[in-house]
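These notes concern the structure reproduced below.
Throughout, residue positions are numbered sequentially from 1 according to the sequence presented. If you're wondering where the values come from, they're calculated on a predicted model, not measured in any experiment. Atoms within a ligand are numbered from 1 in the order they appear, just like the ligands themselves.
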Amino acid sequence: MIKSPRGTRDLLPPDTALWNFVEAAVRDVFRAYNFHEIRTPIFESTELFARGVGEDTDIVSKEMFTWEDKQRLRSQEVAQLAQAGISMPGTKFPADIVESTRHYFVQSLTLRPENTAGIVRAYIEHKLWERGLNKFFSIGPMFRRERPQKGRYRQFYQIDAEVIGPATAGSQSPVRDAEILELLATLLDRVGIANWTLQLNSVGCPADRVKFNEALRQALAPVVGKMCADCQRRAVTNPLRVFDCKVPEDQPIIETLPTITQFLDEACRTHYEEVKQILNAVQIPYQENPRLVRGLDYYQKTTFEFTHGALGAQNAILGGGRYDGLSEALGGPAAPGIGFAIGEDRLVLSLMETASAQSVIRKPDVYIAPLGAGMNREAARLARELRRHDLVVDLVIELGDESFRLKKSFEAADKMGARYILIVGENEVAAGAFALKHLASGEQVTVPRAELAQRILRK
Ligand code: HAM
């Protein structure tokens, strides 16, 4: 039997009803906050994530699904590349192929592990600063080669939102940070997630980071020998990433390290204070967590996560923050931005603790059972009429032996959870009135064709 690859899964009905319920609710919330949908490719050039998310992060160094895409070139394209000095990083002519008579262009591509870098790439590629402030959302699959467990998959889904634009459009303002956080509180309430905790921090600006990294290097020097191999590497390349370590034995050492808070400059401190003041004003509770540096390199100033107790080890339902330097790191103009990504798989898991998928799925209002020769056509006509009234209608096509049809129809209607069963036989068609049975109460009435929809809608 061919099974779905490790870390991937099929989402089946009725659970998909819960996913649709969540997506419809978040689309409503995004509409109210003037966010608009953006759809970017599921794969991008590898370089985008290396430069955007950061080479030293777990995501880029260990978890990406990357492959080399080989494209045969026409001679004209070869000439163009040669003229350009084939200087594009991430592209090369492999020696063995160049030696042959054919020319290929090899590009490293990666299934997107997150969507902020892709959206900022689109911002630069389409010169979206010309539109002023952009408020985007997107919903779709992401891919990370992580060890699968409850709430952690290799293909998972994110509901992502990004606010990005030139500083003149107000993209830098702490009011934006607070708006995003308030939106999230509204969104979680709206879908029915209670008991979340908002963890908040500021990771400062790049100059603060340099000072902080230096302090970390010094603090780590005498103890790093006792830490895991990853931390030993991080201590040299990017000490901040030591905070991503999950190895239990390393945690007591990490607890003693300095925190970023004491290294924030005046501007970052004021920005952070203002975010907190607005949150207080709109009564959004938060917990400050000075060790929340987040596992992606692009963050500056505000960072946050919302956690939820029902999730166990993978308790971060969403994460985000400000990334004011990301556009420049990707070759674009200065474009301060802030955003978040909700792990939709985790959101749905949390919801399952309270609302079951069954409670949001819409069961058929009526199940049509044609009885007797030629009645399939009549049943199809009736189904069409009733669906025009926005009723959910299903019908039996063929249930074998005529003599058991009625019994089997009742069983099928019951299994499907239909509210009514409608019997379509020759006599009913001739009389223009049909037997309509309410399955839960067993009550049966004869209803003229023209009144059927109203009667079923009445509940
Ligand atoms: P992130 O913290 O890497 O941030 O991911 C956001 C959320 O995606 C996590 O809190 C978690 O709920 C979910 N998630 C991550 N990995 C997995 C997985 N393997 N299985 C299931 N769920 C997962 C980002 O991706 C940033 N792009 C967020 C952002 C947007 N920052 C600014 N704008």
Side-chain angles (χ1 to χ4, degrees), residues 6-9 11 19 22 35 38 40 44 48-49 52-54 57-60 62-65 111-123 134-164 171 176-177 180-181 183-184 187-188 193 196-199 201 203 241 243-244 246 292-308 310-327 335-351:
R6 184 168 145 80
T8 70
R9 60 206 182 118
L11 303 173
W19 286 73
V22 164
F35 278 73
I38 183 169
T40 57
E44 298 266 5
L48 173 69
F49 304 112
V53 177
T57 59
D58 280 354
I59 295 176
V60 173
K62 303 183 197 165
E63 297 169 358
M64 297 205 303
F65 289 95
L111 290 180
R112 61 183 187 189
E114 62 100 54
N115 209 19
T116 311
I119 292 176
V120 176
R121 183 214 28 81
Y123 174 86
N134 297 270
K135 295 171 90 175
F136 294 125
F137 77 89
S138 77
I139 302 175
M142 306 292 152
F143 306 86
R144 296 184 192 174
R145 191 185 279 103
E146 294 194 80
R147 190 173 320 141
Q149 63 180 82
K150 184 184 171 201
R152 191 163 75 191
Y153 311 98
R154 291 183 167 190
Q155 173 172 337
F156 60 99
Y157 294 81
Q158 281 189 346
I159 298 166
D160 189 280
E162 311 292 348
V163 178
I164 181 169
S171 55
R176 289 285 163 218
D177 306 43
I180 283 275
L181 293 165
L183 177 158
L184 279 166
L187 194 152
L188 294 178
I193 300 270
W196 44 261
T197 307
L198 160 56
Q199 304 212 28
N201 191 24
V203 292
R241 297 269 65 97
F243 289 104
D244 300 339
K246 307 274 177 341
L292 184 74
V293 299
R294 310 261 306 123
L296 304 94
D297 273 351
Y298 50 59
Y299 290 114
Q300 291 189 23
K301 298 185 183 145
T302 312
T303 53
F304 56 85
E305 278 182 7
F306 281 64
T307 53
H308 191 254
L311 287 169
Q314 303 303 319
N315 69 352
I317 206 163
L318 68 93
R322 191 164 263 292
Y323 45 84
D324 291 354
L326 180 55
S327 172
I338 179 163
F340 63 80
I342 302 175
E344 194 177 355
D345 306 72
R346 296 188 191 174
L347 185 68
V348 170
L349 270 175
S350 306
L351 273 183

Item checked: Name of the residue among T303, D177, T302 meeting side-chain hydrogen bond (donor to acceptor under 3.5 Å, both in side chains) with R322 ->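 The residue from T303, D177, T302 that satisfies side-chain hydrogen bond (donor to acceptor under 3.5 Å, both in side chains) with R322 turns out to be D177.
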
Checklist line | Positive for side-chain hydrogen bond (donor to acceptor under 3.5 Å, both in side chains) with D345, one of R9, R152, Q155, Q158 | finding: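 Only one of R9, R152, Q155, Q158 forms a side-chain hydrogen bond (donor to acceptor under 3.5 Å, both in side chains) with D345, namely R9.
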
Tell me the contacting part of [X] for ligand 1: side chain, backbone, both, or neither, using a 4.0 Å heavy-atom threshold, strictly below.
X    : result
R346 : side chain
I338 : neither
D345 : neither

Next item on the list: Would you kindly check if the NZ (Lys) or CZ (Arg) of R112 is within the cone defined by 45 degrees around the ring axis of F49 and under 6.0 Å from the six-membered ring centre?
Entry: no

Heavy-atom nearest neighbour of [atom] within options [options]:
atom                    : options                : value
atom 10 (O) of ligand 1 : P148, G320, G295, A316 : A316
atom 3 (O) of ligand 1  : E162, E114, R144, R294 : R144
atom 5 (O) of ligand 1  : E146, E305, Q158       : Q158

Look at the side chain of [X] and the backbone N and O of [Y], then say whether any donor-acceptor pair between them is shorter than 3.5 Å.
X    : Y    : result
K62  : V60  : no
R346 : G151 : yes
D324 : G337 : yes

Between [X] and ligand 1, does any nitrogen or oxygen pair lie at a separation below 3.5 Å?
X    : answer
T116 : yes
I59  : no
Y298 : yes

Quick test: of every protein heavy atom, which one is nearest to [atom], and how far off is it to 0.1 Å?
atom                    : answer
atom 20 (N) of ligand 1 : Y153 N, 3.0 Å
atom 13 (C) of ligand 1 : G343 CA, 3.5 Å
atom 7 (C) of ligand 1  : A341 O, 3.5 Å
atom 14 (N) of ligand 1 : F156 CE1, 3.5 Å

Notebook entry, point to check: Does F306 have a non-hydrogen atom less than 4.0 Å from ligand 1?
Noted result: no

Check: Taking the non-hydrogen atoms of Y299, is any one of them nearer than 4.0 angstrom to ligand 1?
Finding: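 True for this residue.
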
Notebook entry, point to check: Does the distance from a Lys or Arg side-chain N to an Asp or Glu carboxylate O, for R241 and D297, drop under 4.0 Å?
Noted result: yes

Next item on the list: Answer yes when E114 and R144 have at least one side-chain N-carboxylate O distance shorter than 4.0 Å, and no when they do not.
Entry: no

Margin query: Closer than 4.0 Å to some heavy atom of L296 - which atoms of ligand 1 meet that?
Written below: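 That gives atoms 3 (O), 4 (O) of ligand 1.
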
Next item on the list: Give the atoms of ligand 1, by number and element, whose distance to some non-hydrogen atom of G151 is under 4.0 Å.
Entry: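 Ligand 1 atoms under the 4.0 Å threshold to G151: 20 (N), 21 (C), 22 (N).
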
Margin query: Please tell me whether T57 and D244 have a donor and an acceptor in their side chains that are separated by less than 3.5 angstrom.
Written below: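 Judged by distance alone, the side chains do not pair up.
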
Checklist line | T116 and Y298: side chain donor to acceptor below 3.5 Å | finding: yes

Next item on the list: Measure the shortest side-chain to side-chain distance between W19 and Y157 over non-hydrogen atoms and say whether it is less than 4.5 angstrom.
Entry: yes

